[in-house]
There are 2 protein chains.
Amino acid sequence: MSLPHAILTALLEKPSSGLELTRRFDRSIGYFWSATHQQIYRELGKLEQAGLIRALPSDQPSRGQKKEFEVLPAGRTELTRWASGEQDPKPIRDALLLRLRAAAVVGRTGLDEELRRHLTLHRRQLAEYQGIEDRDFGAAADPEDRLRRLVLRAGIGLETFWVQWLEEALAEVADMEGAPGEPGAPRQV
Amino acid sequence: MSLPHAILTALLEKPSSGLELTRRFDRSIGYFWSATHQQIYRELGKLEQAGLIRALPSDQPSRGQKKEFEVLPAGRTELTRWASGEQDPKPIRDALLLRLRAAAVVGRTGLDEELRRHLTLHRRQLAEYQGIEDRDFGAAADPEDRLRRLVLRAGIGLETFWVQWLEEALAEVADMEGAPGEPGAPRQV
DNA sequence: AAGCCTTGTGCAACAAGTTGCAAAAAACGT
DNA sequence: ACGTTTTTTGCAACTTGTTGCACAAGGCTT
C-alpha cells in the first residue's frame, strides 16, 4: 500500500525515469522498500493518470524512449498527507525462522549450511551499509540527512542483530549435533 | 511461497481445523509468518487436493462443520524437501522507515507521535515474547524445544532492536525540533 | 549497412495476500 | 420452541507483487 509513496519520495529527491528509479530502488530506497521495474512502471502510469506526477516534455515520446517524471503539487500534498498518518508495523515474514520451526519437526538436515549462508549474506549487507555511512554521512548536518542517516542506522542495527543471532544459532545447533535427540534426520514415521 | 509449509509445520505439531490453525497463527507461528483465515482455508484446500494432508473422517462434513486435518506422509516428505533447500532472505519492507525518508523531503509533521506509538507497540510485543520465554522454556531440553526457543529469541532480539532504535530516533528528532532547518512543516514549494 | 548489444519501456499472465461478505451448524438465552 | 449470537467454513472480488517476454531506439562493431 505504499509503493506510490515510495516513488513520490524518490521523485521528490530527484526527478527520474522509470529505469533510473529502478536503479535507485536497487540501491538506497530498495534497502527497506524493494520494487521491481514492472511494479514501478505500472505505478508511474497510475500516478500520472491520477495527476500526482507528470512526464517532463520530450520531443516525441515513444516506446523505447526515455521518459522523466516529476512530482506535481498534488503529489506532494498526497505524500504529506500519507506521511502524517499512521502506519502499523506489519508482522515479520521470515522464511528462515519458519524453516527452524520446520526443522524442529522434520529434522535439521542442511540447517547448518543454510545458517552459514545467511550469516555470510548478512555480514556482506552490514559491510555495505557501514560503507555507505562512512562515505555519505560524515558529520550529519541538516535535518534531511540526519533522518536519512537514521534510516540507514536501522539497516545497520537490523543486520547486526541478524549476524549476532545467526552466530548464536550456529553455536546452538552445533551443540545439538553430537549430543542427544535426533541425529539430523527426523525420527521417521 | 511458503505458506503451505508453514501450515504443514503447524499441522505436524498438532492436527487442527482451519479456525484452530488461524488461532495458532495469531499466536506462535504468525509471529514470524502471519496469515489470515482466508489464506489458510484456501491453502488447506490446495494441500488436500495435492494429497499432502487429509481431513480426519467426520460424520457428514458440511459447511459450518468443523473439519480437522492431518499431514499425510507425502506432506511430511514435501516439508522435509523444502526445509533442506535454500531460502533467500528477502529485503525489509518497512513503512516506518519509508516514512522517515518521506519526512526528510516533506516535513516531519506528526513524526514524533508516530515514533512513540511504535515504541509502545514494540515494547508490548517484547514483553509478550519474554513472557512466553519465561513460561514455556525453563531449561530447554530436547532439540525441538531448543530450536523453537531459538526462533523466539530472534523475535526478542528484533523487538529489542526496534525499541533501542526508536529511542535513538526519538532523541534525534527531538534534537532537531528546536534547532536549525525546517520547523516541522516542509519548506513549501 | 547489417547485425548485435544495451538502454528503456511496457504488456500479459500469474501468484500471493487482503477485504467484505455469506451461509451452515451449533450454542445459548428466554 | 424460537430467535439470536457465536463458531466455522468458504466464495468472490480486489490489490499487490512476480515472471517472462516483446518491442522500440540508439550505439557499436565489422
Side-chain angles (χ1 to χ4, degrees), chain A residues 1-8 10-11 15-26 29-30 32-50 53-56 58-69 82 87-95 98, chain B residues 1-8 11 15-26 29-30 32-50 53-69 82 87-95 98:
Chain A
M1 243 313 281
S2 5
L3 177 56
H5 304 104
I7 292 181
L8 287 173
L11 284 183
S16 311
S17 68
L19 199 56
E20 276 176 284
L21 273 181
T22 307
R23 300 262 156 80
R24 289 170 58 202
F25 267 73
D26 285 345
I29 299 197
F32 53 89
W33 202 277
S34 64
T36 66
H37 69 128
Q38 294 298 353
Q39 278 177 277
I40 289 172
Y41 281 120
R42 213 196 306 176
E43 205 62 46
L44 282 173
K46 283 190 203 165
L47 287 170
E48 188 178 21
Q49 264 204 316
I53 64 175
R54 65 158 188 166
L56 290 181
S58 92
D59 326 319
Q60 72 266 3
S62 74
R63 200 170 164 112
Q65 185 92 352
K66 193 159 127 179
K67 206 159 79 178
E68 291 236 306
F69 289 95
W82 177 82
Q87 288 91 39
D88 280 331
K90 42 181 245 346
I92 317 158
R93 272 280 179 81
D94 191 293
L98 183 55
Chain B
M1 244 314 283
S2 3
L3 177 57
H5 304 104
I7 293 181
L8 286 174
L11 284 183
S16 311
S17 68
L19 198 57
E20 276 177 285
L21 273 181
T22 307
R23 300 264 157 79
R24 287 170 59 201
F25 267 73
D26 285 346
I29 298 197
F32 54 90
W33 202 278
S34 62
T36 66
H37 68 128
Q38 294 298 353
Q39 281 177 276
I40 289 172
Y41 281 119
R42 213 194 310 174
E43 206 60 49
L44 282 172
K46 283 191 204 165
L47 287 170
E48 188 178 24
Q49 264 204 315
I53 63 175
R54 64 157 189 166
L56 291 181
S58 90
D59 326 318
Q60 73 263 3
S62 73
R63 201 170 164 110
Q65 182 95 350
K66 193 158 130 180
K67 205 159 77 176
E68 290 237 307
F69 289 94
W82 176 82
Q87 287 91 40
D88 280 332
K90 41 182 249 342
I92 318 157
R93 272 281 179 83
D94 190 293
L98 183 55

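Model, not experiment: these values are computed from the prediction. In the text below, chain A, chain B and the rest are named by the order of the sequence lines, each starting its count at 1.
In this structure, A:Glu68 places its CD atom 14 Å from C1' of C:dT9, rounding to the nearest Å. If you measure from atom CD of A:Glu20 to atom C1' of C:dT6, you get 16 Å, rounded to the nearest angstrom. What separates CD1 of B:Ile40 from C1' of C:dA16 is a distance of 14 Å, to the nearest Å. Per the geometry, CG belonging to A:Leu44 stands 9 Å off P belonging to C:dT9, to the nearest Å. As rounded to whole Å, 14 Å separates atom P of D:dA25 from atom NZ of A:Lys67. Atom NE2 of B:His37 and atom P of D:dT8 are 13 Å apart (whole Å). The nearest whole Å value for the distance from the CZ atom in A:Arg24 to the C1' atom in C:dG8 is 17 Å. Counting to the nearest Å, the P atom of C:dA23 and the CG atom of B:Leu19 are 19 Å from each other.
If you take CD on A:Glu43 and NZ on A:Lys46, they are separated by 5.0 Å, rounding to the nearest 0.5 Å. Summarising the geometry, atom CG belonging to B:Leu8 is positioned 6.5 Å from atom NE2 belonging to B:His5; distances are rounded to the nearest 0.5 Å. Atoms CG and OG, on B:Leu56 and B:Ser17 in that order, are 10.5 Å from each other to the nearest 0.5 Å. The line from CG of A:Leu44 to CD1 of A:Ile53 is 5.0 Å long, rounded to the nearest 0.5 Å.
For the side chain to side chain contact (heavy atoms under 4.5 Å, CB included) criterion with B:Arg23, the lone passing option out of B:Asp26, B:Leu21, B:Leu19 is B:Leu19.
Side-chain N/O atoms of B:Tyr41 include one lying less than 4.0 angstrom from OP1 or OP2 on D:dT9. At C:dG17, none of the side-chain N or O atoms of A:Lys90 fall inside 4.0 Å of OP1 or OP2 (strictly under the cut-off).
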Show each protein N/O and nucleotides 14-18 of chain D N/O combination with a separation under 3.5 Å, one pair to a line.
unit_1, atom_1, unit_2, atom_2, d
D:dG17, OP1, B:Arg93, NH1, 2.9
D:dG17, OP2, A:Gln39, NE2, 3.1
D:dG17, O5', A:Gln39, NE2, 3.4
D:dG17, N7, A:Arg42, NH2, 3.3
D:dT18, OP2, A:Gln39, OE1, 3.2
D:dT18, O4, A:Arg42, NH2, 2.6

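The side-chain contact (heavy atoms from CB on, under 4.5 Å) search around A:Pro91 returns B:Ser34, not counting sequence neighbours.
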